[in-house]
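Counting begins at 1 with the first residue of the sequence. Start at 1 and go down the list; that is how both ligands and their atoms are numbered. Note: hydrogens, waters and symmetry copies are ignored here, and every other heavy atom, side chains too, is used.
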Amino acid sequence: MSQQTTLSAVVPKFAEFIRQLPTVYDLATCEEETLHQLWSGLGYYARARNLKQGAQLIVEQLHSYFPQSYQEWLKIPGCGPYTAAAIASICHNEKVACIDGNVVRVVSRLLALSQDVWSQSGRSVIQAHLAHMIPGDRPGDFNQAMMELGATVCRKTKPLCTLCPLQQHCQALARNCIAECPPKKPRRDFVDVELAALLLWHKSTDTLALVEREVGFLCKTIGFPLIPEIDRPAVEKALSSLSKLQFELPNKFSHTITHHRISGKALVANLDVTADSLPWQELSFPQPFHWVKSSVIAAKLSTALDNKVFKLFQEYYITSE
Ligand code: SF4
């Protein structure tokens, strides 16, 4: 929960989450709507979806026994190296280092590293140093201490070196080069992406089509079909035989995901028959469609981009009706 979200926002949400879903079985079998409601306000809903998938794997394949090692935790959906290392070291006393941005900063200052510590090879250097530093008896305490030290003492700006328990060992302090350690992350240029969001709508049943995206930077997300602007004329032509009404919502949506700056308009197609039979594969269109009632669709959307598109759709109908 606390990835990309402040602890002050997480604490009350966490307490309620644990109250309603106290076991891995409860999480694995909970309704999507319950999960969505418990997660609302935290953002990045894909994390909740991964959490549930992880719980399902533990219940169904591991008979509700939790993995016992770093390598086993890595196989759980949504559990990357950082989470796996945190659980393995804190819960199972495994000697494996947690590496987050705070730890990278502390280690690069301790060793006065001037190389790019943010790249894969830089990470390996940090990891190798931590492997020497981490004690065998209390690896979880060590990891928590390093993360806390980075968050509260060895801060990005104005580190509190006089309070630091590591000041005797700190090479950046000794060489007066704290400001250069670690070097800044190289800035990645933004890529502008123009997309059209397709709102395939059965007005009579008030259902909209969702797809699971399997490729590209939105891979493993669920939302409205998105088409590159260049494919739009072909899609509009394909839809014209099925659609009673096809029009564009007046307002543009825009959203940034990692270094992709996405913008575009939503195209609404009011269908009176199913669109599933159209040759979408020829148009490189994700398949199959999941038809979802608009009253519950918000719980299914896994990105803020899709939420923005749906909000435009709702606003349009509220003002036009
Ligand atoms: S002495 Fe200062 S720069 Fe060095 S690790 Fe401690 S807080 Fe960070």
Can you list the atoms of ligand 1 that are under 4.0 Å from a heavy atom of Gln167?
1 (S)
How far is atom 6 (Fe) of ligand 1 from the closest protein heavy atom, and which atom is that?
Cys164 SG, 2.3 Å
Report the part of Leu166 in contact with ligand 1, treating N, CA, C, O as backbone and CB onward as side chain, heavy atoms under 4.0 Å; options are side chain, backbone, both, neither.
neither
Considering non-hydrogen atoms of the protein only, which is the closest contact for atom 2 (Fe) of ligand 1, and what is the distance?
Cys161 SG, 2.4 Å
Quick one: nearest non-hydrogen protein atom to atom 4 (Fe) of ligand 1, plus distance?
Cys170 SG, 2.4 Å
Under 30°, 30 to 60°, or over 60°: which ring-plane class applies to His202 and Trp291, parallel, tilted or perpendicular?
parallel
Do Glu16 and Gln20 get their side chains close enough for a donor-acceptor pair, meaning under 3.5 Å?
yes
Verify the ring-centre separation between Phe253 and Phe224: is it less than 6.0 angstrom?
no
A student checking ligand 1 against Arg109 at a 4.0 Å heavy-atom cut-off should list atoms 3 (S)
Atom 8 (Fe) of ligand 1: nearest protein contact (heavy atom, Å)
Cys154 SG, 2.4 Å
In Å, rounded to the nearest 0.5 Å, how long is the span from OG1 of Thr256 to CD1 of Ile262?
7.5 Å
Over 60° means perpendicular and under 30° means parallel, so tell me whether Trp39 and Phe17 are parallel, tilted or perpendicular.
perpendicular
Any side-chain donor paired with an acceptor under 3.5 Å for Arg47 and Asn50?
no
